[in-house]
Every structure is written in C-alpha cells, then in structure tokens.
Number of protein chains: 2
Amino acid sequence: MAYTTPGQTREKVFRLVRERILAGLPPTVREVQRAFGFQSVQTAREHLDALVAEGRLHKEPGRSRGFRLPFASGFALVPLLGQVQAGALTTAIENPEGYLPVAPPAAGSELFALRVRGESMIGAGILPGDIAIVRRQPTADHGEIVVAMVDDEATVKRLHLRRGRVELHPENPAFPVIAPNPRALVILGKVIEVRRYFEEPAVVEASS
Amino acid sequence: MAYTTPGQTREKVFRLVRERILAGLPPTVREVQRAFGFQSVQTAREHLDALVAEGRLHKEPGRSRGFRLPFASGFALVPLLGQVQAGALTTAIENPEGYLPVAPPAAGSELFALRVRGESMIGAGILPGDIAIVRRQPTADHGEIVVAMVDDEATVKRLHLRRGRVELHPENPAFPVIAPNPRALVILGKVIEVRRYFEEPAVVEASS
DNA sequence: TGGCAAACCATACATATGTATGGTATGGAA
DNA sequence: TTCCATACCATACATATGTATGGTTTGCCA
C-alpha cells in the first residue's frame, strides 16, 4: 500500500464532491485539495480524474466547478398557492405562500401547487390539507384528476367525458357530481402528484 | 427610459440566475453576459450587484459562481429504495432506484424514500405505490407513522405505545395489529411525508 | 532484485472569473 | 437648460481555476 489505503481516500473524495453538488455548488479542484489537506493541486485532480474515468462523476472540461453527478440532479421550485379565485391564477402565482421542490418538469410545462380543501376526494386517497402539484393545461383526458374552477373557486375532481357530457366527479359518495356547462368549464390543470406532510417545515419560505 | 424598460432586463437576469441555481450550477458573471448578449461584462455585473443589493440574490465575494438564493441552503435529493431487507438499509441506500427532491432537512438528519406496498394503511390515506419519505431515527412517539422491520421486511405502520406495550397498528381493519417483542422491534425511521405520482417520470434517474 | 502502479508532491502556465475604473447614451426631473 | 439616475460599453487587472509536466515515496509482485 502507498500512503493511504487504496481507494479509501478516493471514496472520501467522491462523497465530498457528491455532498457539495447536492448542496448546490460543486467544489473546485483546489477546494477538494484544501478539504483533504493535499500539498499539491494535482493530487486532488488525480482523484477527481479517476472518479470521472470510473464513471462515478461527470465533468465539463474547462468549466469551473464543472463536476456533475451521473444522474441528472437539479430540480425546480413550484409556487404553493393558497386558494385560487377565478381569473386570479396569474396573480396567485406571483404571490405564493412558499415553494416546493419537484423533479424538473418537461420543457414548456408550468407547474403550481395547491392545498386541497374538503373531503370530496377521499376515495382517491386525497385528504384535506394534502398538497396537489398541478401542471397547467386547458384540457385533460377522461379519468384524470384535474383542478377546475367551480363557483369561482378552484376544486380538485376527477374528469369524466362521456357521450359529449363533461362531468366533475368527486371520489366520495357524500358529494354530488358536478355537471357544468361545457362551454363555461375552466380547467386550470391536471394533478400530477399529491403530497402529504406530517412534519413542518415542509415548504421553502417565500422570501428571505 | 433608457435602452430598455427599467427593471425588465433585471427581472430576466434574476430568473435566469434562479433557474441556473435550481438546475444545480449557478452562472458566472460572463455566462450571464453571454446569455443576454451584453457587450460588456460590467453590464451583467451591475444587474447582478443590484439584485444582491435588493436582497433577491445572495453572493459569496470572490468565489466563482458564488450566487445563492436567499432561502439559501438549496435542496436535497433523497434516495428512493425499493424494498429493504433487514440489516440491508445501508446497502440499499448506496444502490437507490433513483432520487427525489425534497426541502432541505435539518442538519444531521438522514432521509430516504420507500415505495409503500400493500393496503394496510389505506385508512391514513396511504395507498399501494405511494412513496414514503422517511427520516432515519431509532425511536418515535405514540401515534406517529413509522417504518419498522417486521419479518425481515420494512413495513409502514402507526406506532402505538400504551402501558409499556409497543404495537404497530395498520390503518385497515382487514389487517392485524402487530405486537412484536419490544426488544426485537427495529424502527428504521419516521414517515415525514407521503407522495403519490400520477405521471412519470417522477424520479430523478439513478444513472445516465 | 527490478519493474510497476498507486498515491502524493512541486511547479508552471493558460484560461476563466471576479473586480475596478472610466466612459457613452437615454430619459426624466428640478 | 442642467443635473441626475439608469442602462450600457470598453478596457484593464488580480485572483481563481483548470490543466500539464515531471519528480518522489511506498508497497506489491514477478
């Protein structure tokens, strides 16, 4: 064995780099050097190059802090809206209660989040207080769970399209099916995810 | 007005920087310059300095890519484990199916995610296929939902502590209460969040 | 013994990057 | 008009950072 156990230091280097990347800022070569007390930059570089060669890290040549994890890290923030009144969606998005981290959405799609009120979707496992992550879109397919404007308020229901009829179905027998005028129905978006937080803080604060 | 509407370009600069930071790598001053076609580095710098002065961005002087969002810390990725066998938690964490973005956990706490199997917690609104975000801890309080090892397998149940007894309660009358030997009970952690994805891709891929 | 690879060190260099100083053009207000 | 703030440009400089070359030490193995 050489100065240290083979692979042992390298493993620690990998973990440091991974941790820094996940924390939001990849390290520079010299930051790695300092973190391990190497006397030479090159020592850090050799470990890093080896990790890249092993495929454990990716690297963008020439770029400072150009280390990435092999899987696409990164995420997006979606604004958490409280309640949404008709026509006020844009306004609400500009004044969110906070932000939630989500996996990066497909290009061009716009996400927002809403707190679910009421027990109308209990049958679908959506409880009061749950948070719905919604992709903004004006239409949806039969059977999908959507956010729609009903009585000047945003509501979460399952969309039914049958024989030219459009209906919003609750998932709770105690609630009525809503059959709005198809021309008057405004769909805000499709629910792509539901979350329930048992512990705070759950949300990134809206301002510093 | 000067060359452009006041504040308009600055707003775009802010959004670009925010997007880049969330994507995992803050931009350099010159990258901002190029992105907006500024002829001078200084123009980009002035916008960035102004954003820092306004408190919309934070900055670490002298450091490359030293821009941060005011709600600092960034986000974390938690490993999504499939199934967990007894004693194999550490191994499972090193070989995750993928990663999920979460709000940054408190210092020192370790999170992981599990897919929920079975219908034993339907009463708590936790369905098969849901994903539980778990904070690793060896104990929990009465009434909390925990992940525990039962019959060499990880299971999600509500913890009951009564008169010296320890019980794992399902939230479904069709399932039995589990009353393990208190000394043999291994609690992996506490469920702090539950998610349900209606659309893929839901998870950051584990490899490129 | 010699060869070899791993781990580490020393130094140098080109480029990337943050920073500073001074200037120009536009529009609004005193 | 003059003054000023905003937005932008041009250029220079110090530092940070990525990269390259060659050397040293240690332990393994033929």
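Each ring pair (Phe, Tyr, Trp, His ring centres under 6.0 Å) pair with one or both residues in residues 23-46 of chain A, not counting sequence neighbours, appears once here: Phe36(A)-Phe38(A), Phe38(A)-His47(A). For residues 35-44 of chain B, no residue pair satisfies the side chain to side chain donor-acceptor pair (under 3.5 Å) rule, not counting sequence neighbours.
Distance Glu11(B) CD to dA7(D) C1': 16 Å, rounded to the nearest Å. Straight-line distance from the CZ atom of Arg45(B) to the P atom of dA7(D): 17 Å, rounded to whole Å. A straight line from CG of Leu48(A) to C1' of dA6(C) spans 16 Å, rounded to a whole angstrom. Rounding to whole angstrom units, CZ of residue Phe67(B) and C1' of dT17(C) are separated by 11 Å. Rounding to whole angstrom units, CD of residue Glu31(A) and C1' of dT17(D) are separated by 10 Å. The separation between Lys12(B) atom NZ and dC8(D) atom P is 11 Å, rounded to whole Å. Counting to the nearest Å, the P atom of dT19(D) and the CD atom of Glu60(A) are 11 Å from each other.
Near DNA chain C, meaning a heavy atom under 4.0 Å from it, residues 33-44 of chain B has Gln42(B) in order of number.
Contact annotation: Ser64(B) side-chain N/O to dA16(D) OP1/OP2 distance is not under 4.0 Å. Contact annotation: His47(B) does not reach the phosphate of dT6(D) (side-chain N/O to OP1 or OP2, under 4.0 Å). For dT19(C), one of the phosphate oxygens OP1 or OP2 lies less than 4.0 angstrom from a side-chain nitrogen or oxygen of Lys59(B). In terms of phosphate contacts, Arg63(B) brings no side-chain nitrogen or oxygen within less than 4.0 Å of OP1 or OP2 of dG18(C).
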Can you give each donor-acceptor pair under 3.5 Å made by side-chain atoms of residues 20-30 of chain A, sequence neighbours left out, with the distance rounded to 0.1 Å?
| residue | atom | partner | partner atom | Å |
| --- | --- | --- | --- | --- |
| Thr28(A) | OG1 | Glu31(A) | N | 3.0 |

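In terms of the side chain to side chain contact (heavy atoms under 4.5 Å, CB included) criterion, residue partners of His160(A) (sequence neighbours excluded) are, by chain and number, His142(A), Arg158(A), Glu167(A), His169(A). In this structure Glu19(A) satisfies the salt bridge (Lys or Arg N to Asp or Glu O under 4.0 Å) test with no other residue, sequence neighbours excluded.
Note on Arg10(A) versus Glu54(A): salt bridge recorded, some NZ/NE/NH1/NH2 to OD/OE distance being below 4.0 Å. Under a 4.0 Å N-O distance rule, the pair Arg68(B)/Glu60(B) qualifies as a salt bridge.
Candidate nucleotides dG18(D), dC8(D), dT19(C) were compared by shortest atom distance to the side chain of Pro61(B), and dT19(C) ranks first.
Where Arg65(B) and Glu46(B) meet DNA chain C, the nucleotide closest to each residue was compared, and Arg65(B) sits on the side nearer the 5' end.
Under 3.5 Å, the side chain of Arg30(A) and the base of dG18(D) form at least one donor-acceptor pair of N or O atoms.
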